[in-house]
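In what follows, a single structure is set out as structure tokens and then discussed.
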There are 2 protein chains.
Amino acid sequence: MSGTELTERAQLLLKNLVEHYIRDGQPVGSRTLSREFSMGLSPASIRNVMADLEDIGLIHSPHTSAGRVPTVKGYRMFIDSLLTIQPLEQGLVSDWMQRLRNSEDSERLLASASHQLSEVTSMAGVVMLPRREQVSLRQVEFLPLSHNRVLVILVVNEKEVQNRIIQTERSYSAAELQQIANYLNQLCAGQELRRVRESLLNELDDTRSHMNQLMADAISMAQQAFSQDEDEDGLLLAGQTNLMSYDEMSNMDKLRKLFDAFNRKRDILQLLDQSLHADGVQIFIGEESGYEVLDDCSVVASPYRVDGKVVGVLGVIGPTRMAYDRVIPIVDVTAQLLGSSLNQLK
Amino acid sequence: MSGTELTERAQLLLKNLVEHYIRDGQPVGSRTLSREFSMGLSPASIRNVMADLEDIGLIHSPHTSAGRVPTVKGYRMFIDSLLTIQPLEQGLVSDWMQRLRNSEDSERLLASASHQLSEVTSMAGVVMLPRREQVSLRQVEFLPLSHNRVLVILVVNEKEVQNRIIQTERSYSAAELQQIANYLNQLCAGQELRRVRESLLNELDDTRSHMNQLMADAISMAQQAFSQDEDEDGLLLAGQTNLMSYDEMSNMDKLRKLFDAFNRKRDILQLLDQSLHADGVQIFIGEESGYEVLDDCSVVASPYRVDGKVVGVLGVIGPTRMAYDRVIPIVDVTAQLLGSSLNQLK
DNA sequence: GTTAGCACTCACTAAGATAGAGTGCTAATA
DNA sequence: TATTAGCACTCTATCTTAGTGAGTGCTAAC
């Protein structure tokens with residue numbers, strides 16, 4: 001805000017204060033800092049610096065006779081320019097890779113990632129499912145149901161299956177549907193789903209005149225089937241209950257609202273979406289997220305890549321007062337490992 | 001326990017006490033009961049009766065100078081023989097039916113039921129998914145994947161689709177798989193899944209000698225595919241967060257354990273399973289359930305039927321102190337409506 | 001059998017009193 | 001000029017104390 005440059009001493013002080021507060025959870029006072037602070041300064045001097053920090057809005061006193069606590073702005077500065085990233089525990093990464101290797105299908109892999117995140121950090125883990133943009137159609141099957149309905153089975157991306165039900169104008173025999181499927185498979189198999197939609201339109205124009213009725217039906221069915229978007233919510237959550245053990249979260253009313261948000265998923269997804277195009281780990285501290293339910297939380301998120309292209313975001317949600325120095329590398333590594341695992345799986 | 005018969009007065013007193021406690025949530029004393037009790041009795045007389053009730057273990061005093069609170073045994077007697085079932089609110093049933101009519105597939109229908117339950121009661125709603133015993137196979141499809149894996153698509157019960165991946169010894173061409181599928185469809189289509197398994201065994205015996213290799217492969221594949229059971233957890237929960245608003249649930253530690261149990265689902269499923277063969281609404285009060293996490297909760301559950309056969313259980317979970325007279329008919333009606341809706345949908 | 005009366009228990013609340021942590025300010029110091 | 005010791009002050013947290021009120025059990029009278 002104000003162009004005020006912080007002296008090096010003030011920065012160091014802030015760093016120590018935040019670190020101390022993250023460890024203890026108690027407001028930290030000048031005396032404590034003076035004692036545990038390498039650079040020998042008296043409490044009085046420290047008080048002077050603290051007063052400055054408070055003026056700039058980096059720290060704040062719950063009441064006159066309490067120590068200081070970092071504000072959101074304080075955390076922000078701490079994370080952006082003061083943080084010493086902790087090296088990852090030996091074994092965590094290999095443990096990780098081992099577990100990932102056990103998941104055979106991508107769904108489980110993603111679920112496993114979110115569980116890992118929550119377990120290792122004792123907070124809530126989130127994994128936004130990979131975007132389905134570049135799904136390529138492998139095969140289409142149609143099966144007749146009663147009441148002029150048709151079950152459409154789409155096999156995409158080698159091994160994923162989507163089922164849709166469409167309503168037709170008349171009933172079709174199994175043989176007719178088989179024909180239609182053959183026609184469509186021939187036409188579209190192997191293409192990306194969004195291209196399939198284009199192809200269908202072209203086909204419709206190209207051959208409108210000399211097309212038989214069945215083909216026309218085929219195309220209209222396909223359009224119906226492909227226009228339905230997946231109704232999945234696209235977010236995997238794990239370890240929400242971990243949050244119940246934090247003192248900061250003991251307000252039942254707020255906690256309920258947070259859990260409700262978890263269940264709705266919408267807000268969380270929207271927030272994570274903001275990290276889709278970020279480069280590396282991104283952090284939302286308290287109110288920074290813009291979602292009231294997350295006011296007492298921080299979100300540490302990172303996009304993950306498949307084939308070098310960002311397809312999703314993962315991260316953790318926990319109290320603002322968390323061990324960022326540990327959590328950040330965990331999220332970072334997890335994103336990388338998940339990406340490469342997904343790659344191998346493909 | 002002791003063959004002690006309760007006098008009619010004692011029963012009435014217990015009834016009033018429990019009703020009052022359920023309304024207010026406060027221990028109720030002799031004075032209160034005397035005042036609000038139709039039969040004119042002085043506090044002193046009431047105290048005598050209460051002392052008796054406490055001796056039998058139906059009520060209990062948190063401390064000397066507090067009123068009385070029903071024990072589990074007290075609730076049990078209240079529910080079993082004293083409860084006056086409340087008539088259902090006008091409109092609730094029709095509202096219900098309307099909402100159910102909007103769900104087209106059974107999955108949504110079940111989810112809707114559990115949401116309904118939680119909303120109407122302000123507690124947690126649970127719906128155990130219908131048992132899949134009598135699923136009948138409609139069609140099988142095979143698709144080759146890489147690395148000698150085959151994607152098996154099972155269409156069952158008209159409109160449900162299950163996907164499985166099996167590992168084969170060699171790789172098969174699409175044409176071969178098509179042949180295998182044809183053979184299996186001819187052999188098994190329309191049969192119930194458990195019979196399919198039998199059929200496969202017979203077929204294997206019958207024709208072992210003059211069977212060609214491909215058929216043998218087909219059967220072994222089918223066995224692999226059908227032996228995998230569904231990995232779904234089979235329980236729909238809704239409105240868990242409702243429970244966070246009850247004073248009785250303000251102990252964060254217990255609450256967390258409860259939520260963890262919800263996530264695990266196993267215990268809840270096991271408990272509900274006990275109601276599968278019950279006739280009508282069944283109630284587990286506090287420790288009666290046998291699950292420690294449910295010590296402060298009651299579960300009101302009812303089986304629901306399709307075609308006259310019980311296929312699942314639904315119900316609500318809430319604090320022991322709940323309005324049983326309202327909740328019981330709600331669960332009851334919901335079970336009936338869900339059953340008939342599922343019937344229609346079939 | 002019922003009830004009025006009474007002594008007693010116990011949780012809850014309010015009101016001091018005390019201790020402890022931490023602050024800001026001022027004046028002395030290096 | 002930057003640092004620090006000293007001090008008065010503020011505010012929370014905790015403990016004690018006393019008082020209040022709801023409710024009980026028992027006994028004796030009705």
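So that the names make sense, note that chain A is the first sequence line, chain B the second, and so on, each numbered from 1.
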Compare the minimum distances between each of C:dT23, C:dA11, D:dG23 and the side chain of A:Ser30, then state the nucleotide with the smallest one. C:dT23
Could you give the CD1-to-C1' distance, from A:Ile59 to C:dG24, as a whole number of Å? 14 Å
Could you go through A:Lys15 and A:Glu19, starting from their C-alpha distance and side-chain angles, then the distance that decides it, and tell me whether this counts as salt bridge (charged side-chain N to carboxylate O under 4.0 Å, His left out)? CA-CA 6 Å; A:Lys15 178 171 190 239; A:Glu19 280 173 354; 3.6 Å; yes
Heavy-atom neighbours of A:Arg31 CZ exceed 12 at 6.0 Å: no
Between A:Arg31 and C:dG20, is there a contact of a side-chain N or O with OP1 or OP2 at under 4.0 Å? no
Tell me whether B:Lys73 contacts the main-chain N or O of B:Ile56 through its side chain, where contact means a donor paired with an acceptor under 3.5 Å. yes
How close or far is atom P of D:dT24 from atom CG of B:Asp55, stated in whole angstroms? 14 Å
Starting at atom CG of A:Leu17, determine the distance to atom P of C:dG22, rounded to an integer number of angstrom. 12 Å
For nucleotides 3-10 of chain D, list the nitrogen or oxygen atoms of the protein found under 3.5 Å from its nitrogen or oxygen atoms, one pair per line.
{"from": "D:dT3", "atom 1": "OP1", "to": "A:Arg9", "atom 2": "NH1", "distance (Å)": "3.3"}
{"from": "D:dT3", "atom 1": "OP1", "to": "A:Arg9", "atom 2": "NH2", "distance (Å)": "2.3"}
{"from": "D:dT3", "atom 1": "OP2", "to": "A:Arg9", "atom 2": "NH1", "distance (Å)": "3.2"}
{"from": "D:dT4", "atom 1": "OP2", "to": "A:Ser42", "atom 2": "N", "distance (Å)": "3.2"}
{"from": "D:dT4", "atom 1": "OP2", "to": "A:Ser42", "atom 2": "OG", "distance (Å)": "3.2"}
{"from": "D:dT4", "atom 1": "OP2", "to": "A:Ser45", "atom 2": "OG", "distance (Å)": "2.4"}
{"from": "D:dT4", "atom 1": "O5'", "to": "A:Ser42", "atom 2": "OG", "distance (Å)": "3.4"}
{"from": "D:dG6", "atom 1": "O6", "to": "A:Arg47", "atom 2": "NH2", "distance (Å)": "3.4"}

Rounded to whole Å, the NE2-P distance (B:His60 to D:dT24) equals 13 Å
Without swapping roles, check the side chain of A:Arg321 against the backbone of A:Tyr21 for a donor-acceptor pair under 3.5 Å. yes
Less than 4.0 Å between a side-chain N and a carboxylate O, is that true for A:Arg264 and A:Asp260? no
Going 5' to 3' along nucleotides 13-19 of chain C, which nucleotides have protein heavy atoms under 4.0 Å from the base (write B), which only from the sugar-phosphate (write S), and which from neither (write -)? -------
B:Met50 has an atom CE; how far is it from atom P of C:dT2, in whole Å? 16 Å
Kindly assign one of parallel, tilted or perpendicular to the pair A:Phe259 and B:Phe259, based on the angle between their ring planes and the thresholds 30° and 60°. perpendicular
How long is the straight-line distance from CD of A:Glu292 back to CG of A:Leu258, given to the nearest 0.5 Å? 12.0 Å
Mind checking what makes side-chain hydrogen bond (donor to acceptor under 3.5 Å, both in side chains) contact with B:Ser298, not counting sequence neighbours? B:Tyr324
If I take atom NE2 in residue B:His63 and atom P in nucleotide D:dT24, what distance separates them, rounded to the nearest angstrom? 10 Å
